[in-house]
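Ligands are counted one by one from 1 in listed order, and the atoms in each one are counted from 1 as well. Residue numbers start at 1 and run along the sequence shown.
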Amino acid sequence: MSEGFDKKRAILVERLVQTGALRNRRHIDAMLTVKRHLFVWEGYEKHAYLDSALPLGETGQTISPPHLCAYMLEALGPWVGENVLEVGSGSGYSAALVAECIAPSSIAPEAWGRITTIERVELLWEFAKENLERAGYSERVDCVLGDGTRGFPPLHKEELYDKILVTAGAPAPPTPLMRQLKRGGVMVIPIGGKQSQQLTMIIKGESGRVEKLPLQRCEFVPLLGKYGWG
Ligand code: SAH
């Protein structure tokens with residue numbers, strides 16, 4: 001069974017490379033390594049290697065499609081040793097992909113970076129935590145329950161993260177997240193309406209100056225919360 005999944009995963013990744021969604025060797029390796037079938041809702045395992053979003057039970061939330069995860073990785077460029085924040089854990093799949101890049105199992109744990117992922121729906125926070133543990137990422141990923149638009153720790157210190165990934169559609173970049181992004185850091189966030197958005201790369205320069213680069217159109221579930229949609 002696992003062999004069948006490995007083959008399907010390799011075919012999917014090959015297709016993402018061919019279409020240009022996936023380019024960097026480290027990101028290709030991460031997508032080859034993380035077993036998406038361990039992150040889908042029970043009963044959806046056979047669809048795990050289709051390039052589509054899949055429902056997460058009755059929560060109304062979805063696991064993002066692999067091509068979007070690929071675009072997000074390429075834009076974010078997570079590097080070994082970095083400190084990363086993710087808002088919207090969902091299944092935990094994208095957090096595992098980032099963990100593979102900042103803390104690959106091939107290097108010594110002392111050199112590992114760390115990712116903190118926040119989820120506002122309790123059932124999904126538990127789901128993501130269990131999936132990450134089962135897939136072997138519990139030492140590299142911290143799962144937090146709460147409103148990620150307030151930052152983590154909420155409204156607290158500044159310039160904590162090298163990279164910030166938001167995997168739900170926002171009306172605008174939440175102010176606490178902008179403050180918690182380090183100088184020289186990158187945030188990737190879908191910005192736009194509740195139904196469809198533009199994946200956006202935000203670069204905070206060494207001087208603190210912010211540049212926004214619009215990337216492709218995308219459709220994420222809405223980012224709710226204090227600095228999201230109400
Ligand atoms: N990255 C996920 C997909 C996320 S779907 C994966 O790989 O599976 C978006 C998630 O963002 C949903 O689970 C939703 O509940 C969550 N979300 C929305 N607003 C949020 C907020 N303010 N704080 C934390 N999580 C939020």
Side-chain angles (χ1 to χ4, degrees), residues 27 30-31 34-42 44-45 47-73 75-76 78 84-101 115-132 134-135 137 141-155 163-178 180 187-197 199 218-230:
H27 307 154
M31 291 202 74
V34 180
K35 298 178 166 67
R36 193 170 186 252
H37 64 270
L38 297 181
F39 291 86
V40 297
W41 205 260
E42 201 183 336
Y44 283 87
E45 291 83 356
H47 304 302
Y49 297 106
L50 296 178
D51 190 9
S52 53
L54 297 170
L56 297 175
E58 304 291 313
T59 62
Q61 311 300 328
T62 56
I63 177 171
S64 312
H67 71 272
L68 265 186
C69 293
Y71 285 137
M72 290 190 290
L73 279 185
L76 195 68
V84 180
L85 178 71
E86 179 190 50
V87 177
S89 317
S91 64
Y93 176 65
S94 48
L97 289 174
V98 172
E100 269 305 326
C101 298
I115 167 165
T116 304
T117 181
I118 311 187
E119 173 57 53
R120 61 179 285 283
V121 176
E122 190 166 355
L123 182 65
L124 292 177
W125 166 66
E126 277 168 3
F127 182 62
K129 224 171 21 167
E130 277 167 24
N131 293 342
L132 286 160
R134 201 156 47 111
Y137 293 97
V141 184
D142 284 322
C143 295
V144 175
L145 175 64
D147 174 6
T149 68
R150 300 164 77 99
F152 187 79
L155 300 172
K163 304 280 162 71
I164 298 180
L165 176 62
V166 181
T167 65
T175 314
L177 298 183
M178 287 304 299
Q180 292 192 337
M187 184 190 306
V188 173
I189 177 170
I191 297 177
K194 279 190 180 165
Q195 314 280 333
S196 92
Q197 311 84 20
L199 195 64
C218 54
E219 290 177 6
F220 281 86
V221 296
L223 179 75
L224 304 174
K226 183 151 194 257
Y227 298 88
W229 292 100

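Taking the six-membered ring where tryptophan is involved, the planes of Y49 and H37 are perpendicular, since the angle between them exceeds 60° and thus also 30°.
Between L56 and S91 there is a side-chain heavy-atom pair separated by less than 4.5 Å. Contact check for V84 versus I164: no side-chain heavy atoms found under the 4.5 Å cut-off. Between S64 and F220 there is a side-chain heavy-atom pair separated by less than 4.5 Å. Looking at heavy atoms from C-beta onward, E100 lies out of side-chain contact with P78 at the 4.5 angstrom threshold.
Pairs engaging residues 55-70 under the salt bridge (Lys or Arg N to Asp or Glu O under 4.0 Å) rule: none recorded [sequence neighbours left out].
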Show me the short polar-atom pairs for ligand 1: any N or O of it lying under 3.5 Å from a protein N or O, with distances only.
residue, atom, partner, partner atom, Å
ligand 1, 1 (N), G88, O, 3.1
ligand 1, 1 (N), S94, OG, 2.7
ligand 1, 1 (N), T167, OG1, 3.1
ligand 1, 7 (O), S94, N, 3.1
ligand 1, 7 (O), S94, OG, 3.1
ligand 1, 8 (O), S91, N, 3.0
ligand 1, 8 (O), S91, OG, 2.6
ligand 1, 13 (O), E119, OE1, 2.7
ligand 1, 13 (O), E119, OE2, 3.3
ligand 1, 15 (O), E119, OE2, 2.6
ligand 1, 19 (N), L224, N, 3.1
ligand 1, 22 (N), D147, OD1, 2.9
ligand 1, 22 (N), L224, O, 2.5
ligand 1, 23 (N), G148, N, 2.8
ligand 1, 25 (N), R120, N, 3.3

